[in-house]
Undergrad: 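My structure is below; once you've seen it, I'll send some questions.
Predicted model only: the values in this text are computed from it and were never measured.
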Amino acid sequence: MPFPVQQDTSVFQNMFGKIVRKQSDREVNMRHVIMANVEPVQATVMEADLEEALQFAGAGKYQFLHCILMLATLLAAILEMIGVAFILPAAACDLDVPDSLKGILTSLPNIGVILTAPFWGRAADNLGRKPVLLGSLAVSGAMAFIAAFMPNLVSFAVFKFACSLFLSCPSSLGYAYTSEMLPRHRRDTAVLITNGLINVLTVFSPGLAWLILSYDWQYDWGAIDMRPWRLLTAVYSLPLLITAVLMFTADESPKFLMTRGKEQEALEVVRRIYSVNSGMPEDTFCVKFLKSPHETGSERSGSGCELTSPPQHSSALSLLMPPHLKWFALTGVLMFGVFSFLNGLFLFAPDTINKVMSHPSSTGTVCELILSHDNSTLAGECVDAMSHQTFYIMVVTTLVYGVLVTAASMSPLSKKTLLVAMFIVVGIGCLIAGLTTNRIVAGIAMSSLQITALGIGPLTAYVVHLFPTSLRGTAVGAVLMLGRVGSVVGANAAGVSLNAACMVTFYAFALLVFICAALSFLLPPDHVSKNDSVSES
């Protein structure tokens with residue numbers, strides 16, 4: 001019997017066609033599922049404002065890498081600023097540092113930051129985040145590196161001060177730069193986590209000091225004697241130079257580009273964010289045009305998430321006028337309290353703990369042991385050695401407290417709750433440090449003052465929310481400038497009063513943080529929008 005060739009061929013074609021159609025339908029359905037998981041409305045959006053575009057681009061690999069870079073930038077500045085707490089005790093003999101100048105020298109980095117903070121904040125708002133940050137990192141790193149090889153106290157202080165004039169930008173702008181690359185609902189979390197991680201990573205400050213200062217060596221280089229503290233000074237400057245090089249890979253903030261009327265450049269940045277996050281080509285991004293800030297109907301002065309075209313009266317003086325004045329004053333006072341501990345009293349913790357641990361046979365409170373140490377060395381030769389117990393306490397407590405701060409930053413607790421709890425805990429720790437007669441407990445309590453670093457993230461997040469894009473860089477810089485004022489006041493007050501009126505010092509600082517805890521209740525709840533907060537003024 002002949003085979004029904006035509007009939008079998010027809011059946012085969014029908015079956016093959018069904019298989020192909022099923023496969024095609026499956027691929028189409030799969031694409032629909034993928035697109036739905038990315039963003040349900042992407043396929044239909046052609047024009048959007050920047051907030052919507054950032055939402056469509058998502059949060060992923062791009063922002064993770066950008067946050068790592070900003071974390072490195074902030075950490076580089078902080079290591080340079082707090083490293084002086086370990087450098088000065090070790091350099092006291094070589095540089096002939098008198099006790100009366102320790103407070104000024106300790107606060108020197110913050111003095112430069114205070115003098116230049118308004119300039120750098122405004123420069124970032126006018127020239128852009130990337131070029132200002134890159135330039136300030138490079139110059140501050142170079143000045144700090146040169147300081148390591150200065151022969152005397154005056155030249156060392158001059159270059160350290162020159163470095164500090166460029167530190168305001170990398171020590172503050174990273175927070176705003178981090179948030180402006182993220183969708184709105186991710187900003188607070190990113191700022192808080194970044195701040196928490198900084199507290200863990202500051203363990204590098206006592207860690208590097210322990211690693212380098214544990215060895216006693218000396219090389220004659222003619223005009224200077226190369227010793228461990230000089231190497232440590234140079235090592236603290238390297239992160240600034242390294243992050244300056246890495247900044248070449250960063251994109252400019254799309255929010256800044258929008259305020260400059262560069263919608264196309266801002267869109268290119270958002271497309272790049274989308275492409276890195278999704279792994280898809282940039283030209284597949286659903287948004288083809290960004291609406292000008294003038295076209296969006298929700299812009300108002302004070303809407304820190306919505307874009308605003310910079311009003312003609314937008315300047316640093318706008319912070320001193322309603323509706324911004326009350327929030328600027330409140331966040332500024334709280335930041336003053338945070339930094340008066342973190343970069344003030346706490347910077348004397350290594351020297352104080354070292355004095356306490358240098359007489360293991362003696363008993364008494366911290367103040368009694370400090371007095372005993374000063375009396376015993378008054379007529380003796382210069383001593384610049386630091387005990388291993390000091391490094392051990394500083395490294396372990398910095399790591400432990402840093403982990404606790406990071407965990408608290410990632411917790412579901414509100415920013416206000418974190419601030420109030422932090423101020424209360426630090427106040428209690430300050431009282432314990434002054435009253436206890438157990439030297440280990442005193443050292444741990446003294447080290448607990450670094451928990452105040454937990455307050456920087458929530459307070460900065462409040463500033464980012466409460467001020468518009470055109471003022472955000474200026475506002476963050478100005479509030480942190482008030483914090484630096486607290487650093488200078490706290491460092492000089494602690495430098496003088498720890499010897500003259502030791503217990504009064506601990507009582508006064510404890511009172512300050514308890515007052516800050518009470519003022520924290522005046523901040524708006526997390527769920528209140530910035531528009532609502534500002535409209536209350």
Undergrad: State, yes or no, whether a side-chain contact exists between E265 and F256 at a heavy-atom distance under 4.5 Å.
TA: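 In short, these two side chains do not touch, never coming nearer than 4.5 Å.
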
Undergrad: If we only count heavy atoms from C-beta on, is the Q63 to N277 side-chain gap below 4.5 Å?
TA: yes

Undergrad: Output every pair passing ring pair (Phe, Tyr, Trp, His ring centres under 6.0 Å) with a member in residues 61-109, not counting sequence neighbours, ordered by first then second residue.
TA: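 Output for this query lists H66-Y177.
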
Undergrad: So do the side chains of L167 and L240 get within less than 4.5 Å of each other, counting heavy atoms only?
TA: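 Yes, close enough: below the 4.5 Å cut-off.
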
Undergrad: Any chance you could lay out the side-chain contact (heavy atoms from CB on, under 4.5 Å) test for T178 and R187, step after step, and finish with the verdict?
TA: CA-CA 8 Å; T178 295; R187 288 170 188 155; over 6 Å; no

Undergrad: Taking only residues two or more places apart in sequence or in another chain, which ones pass side-chain hydrogen bond (donor to acceptor under 3.5 Å, both in side chains) with R227?
TA: D94, D384

Undergrad: Hey, mind stepping through T249 and L65 against side-chain contact (heavy atoms from CB on, under 4.5 Å) and telling me if it holds?
TA: CA-CA 10 Å; T249 65; L65 295 175; over 6 Å; no

Undergrad: Any non-hydrogen side-chain atom of L418 less than 4.5 Å from a side-chain atom of K415?
TA: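 The answer is no, as the side chains (C-beta and beyond) never meet within the 4.5 Å cut-off.
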
Undergrad: Taking everything shown except F149 itself, do over 12 heavy atoms lie less than 6.0 Å from its CZ?
TA: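 Enclosed: over 12 neighbouring heavy atoms sit under 6.0 Å from CZ of F149.
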
Undergrad: With sequence neighbours excluded, give me every side chain to side chain donor-acceptor pair (under 3.5 Å) pair touching residues 131-151.
TA: none

Undergrad: Where the side chain of R230 meets the backbone of A91, is there a donor-acceptor pair that is under 3.5 Å apart?
TA: no

Undergrad: With a 6.0 Å cut-off (strictly less than), is the heavy-atom count around NZ of K262, excluding the residue itself, greater than 12?
TA: no

Undergrad: Tell me, which pairs form a ring pair (Phe, Tyr, Trp, His ring centres under 6.0 Å) where one or both residues lie in residues 153-173, sequence neighbours left out?
TA: W120-F166, F156-W229

Undergrad: I198 and T202: side-chain contact (heavy atoms from CB on, under 4.5 Å), yes or no, with the steps?
TA: CA-CA 6 Å; I198 287 175; T202 50; 4.2 Å; yes

Undergrad: Is the closest side-chain heavy-atom distance between P254 and L50 below 4.5 Å?
TA: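 A side-chain contact exists here, since the closest heavy-atom pair is under 4.5 Å.
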
Undergrad: Output all residues satisfying side-chain hydrogen bond (donor to acceptor under 3.5 Å, both in side chains) with S497, sequence neighbours left out; order by chain, then residue number.
TA: T505

Undergrad: Flag the pair V479 / L459 as yes when at least one side-chain heavy-atom distance between them is below 4.5 Å, and no otherwise.
TA: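 SC-SC contact between V479 and L459 ruled out.
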
Undergrad: Distance-only criterion, 3.5 Å: show the donor-acceptor pairs between side-chain atoms of residues 330-342 and protein atoms not counting sequence neighbours.
TA:
unit_1 : atom_1 : unit_2 : atom_2 : d
T331   : OG1    : W327   : O      : 2.7
T331   : OG1    : F328   : O      : 3.4
S340   : OG     : F336   : O      : 3.3
S340   : OG     : G337   : O      : 2.8

Undergrad: Can you give the donor-acceptor pairs under 3.5 Å from side chains of residues 204-216 to other protein atoms, not counting sequence neighbours?
TA:
unit_1 : atom_1 : unit_2 : atom_2 : d
W210   : NE1    : H388   : ND1    : 3.4
S214   : OG     : W210   : O      : 2.3

Undergrad: Quick one: does any side-chain atom of K130 pair with a main-chain N or O of F248 as donor and acceptor, under 3.5 Å?
TA: yes

Undergrad: Just how far is it from atom OG of S253 to atom CG of L173, taken to the nearest 0.5 Å?
TA: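 Spacing of OG (S253) from CG (L173) equals 9.0 Å.
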
Undergrad: Using modelled atom types only, decide if a donor and an acceptor are shared between the side chain of T398 and the backbone of V395 within a distance under 3.5 Å.
TA: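 Absent.
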
Undergrad: Mind checking side-chain hydrogen bond (donor to acceptor under 3.5 Å, both in side chains) for S447 and listing every partner two or more places apart, or none if nothing turns up?
TA: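 Only T397 meet the side-chain hydrogen bond (donor to acceptor under 3.5 Å, both in side chains) criterion with S447.
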
Undergrad: Run the side-chain hydrogen bond (donor to acceptor under 3.5 Å, both in side chains) test against E252 and tell me which residues pass, sequence neighbours left out.
TA: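 side-chain hydrogen bond (donor to acceptor under 3.5 Å, both in side chains) check on E252 returns nothing, list empty.
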
Undergrad: Nearest 0.5 Å please: distance from the OG atom of S171 over to the CD1 atom of I456.
TA: 9.5 Å

Undergrad: Determine which pairs satisfy salt bridge (charged side-chain N to carboxylate O under 4.0 Å, His left out) with at least one residue from residues 163-180, sequence neighbours left out, and list them in order.
TA: R129-E180, E180-R472

Undergrad: How long is the straight-line distance from CG of D251 back to CD1 of I273, given to the nearest 0.5 Å?
TA: 7.5 Å

Undergrad: Please determine whether the number of non-hydrogen atoms from other residues, nucleotides or ligands lying under 6.0 Å from atom CZ of F391 exceeds 12.
TA: yes

Undergrad: In Å, rounded to the nearest 0.5 Å, how long is the span from CZ of R272 to CG of L267?
TA: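 Separation between the atoms: 10.5 Å.
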
Undergrad: Hey, could you give me each pair passing side chain to side chain donor-acceptor pair (under 3.5 Å) that has a residue in residues 151-170? Not counting sequence neighbours.
TA: E80-K160, N152-S155

Undergrad: Hey, are the side chains of L88 and T106 touching, using non-hydrogen atoms and a 4.5 Å cut-off?
TA: yes

Undergrad: At what distance, to the nearest 0.5 angstrom, does CE of M143 lie from CD1 of I146?
TA: 4.0 Å

Undergrad: Between N492 and V488 (side chain of the first, backbone of the second, donor and acceptor by atom type, cut-off under 3.5 Å), is there such a pair?
TA: yes

Undergrad: Counting only heavy atoms from other residues, nucleotides and ligands, does the tally under 6.0 Å from CZ of R186 exceed 12?
TA: no

Undergrad: Please walk me through it: do Q218 and M226 pass side-chain contact (heavy atoms from CB on, under 4.5 Å)?
TA: CA-CA 6 Å; Q218 182 174 343; M226 191 65 184; over 6 Å; no

Undergrad: Using a 4.5 Å cut-off on heavy atoms from C-beta on, say whether the side chain of C430 contacts that of L345.
TA: yes

Undergrad: Search all heavy atoms of A433 against all heavy atoms of F506 and return the closest pair with its distance.
TA: CB-CE2, 4.0 Å

Undergrad: So how far is it from S107 OG to L347 CG, rounded to the nearest 0.5 Å?
TA: 9.0 Å

Undergrad: Under the salt bridge (charged side-chain N to carboxylate O under 4.0 Å, His left out) definition, can you give me all pairs with a residue in residues 204-213, not counting sequence neighbours?
TA: none

Undergrad: Would you say the ring centroid of W217 lies under 6.0 angstrom from that of Y219?
TA: yes

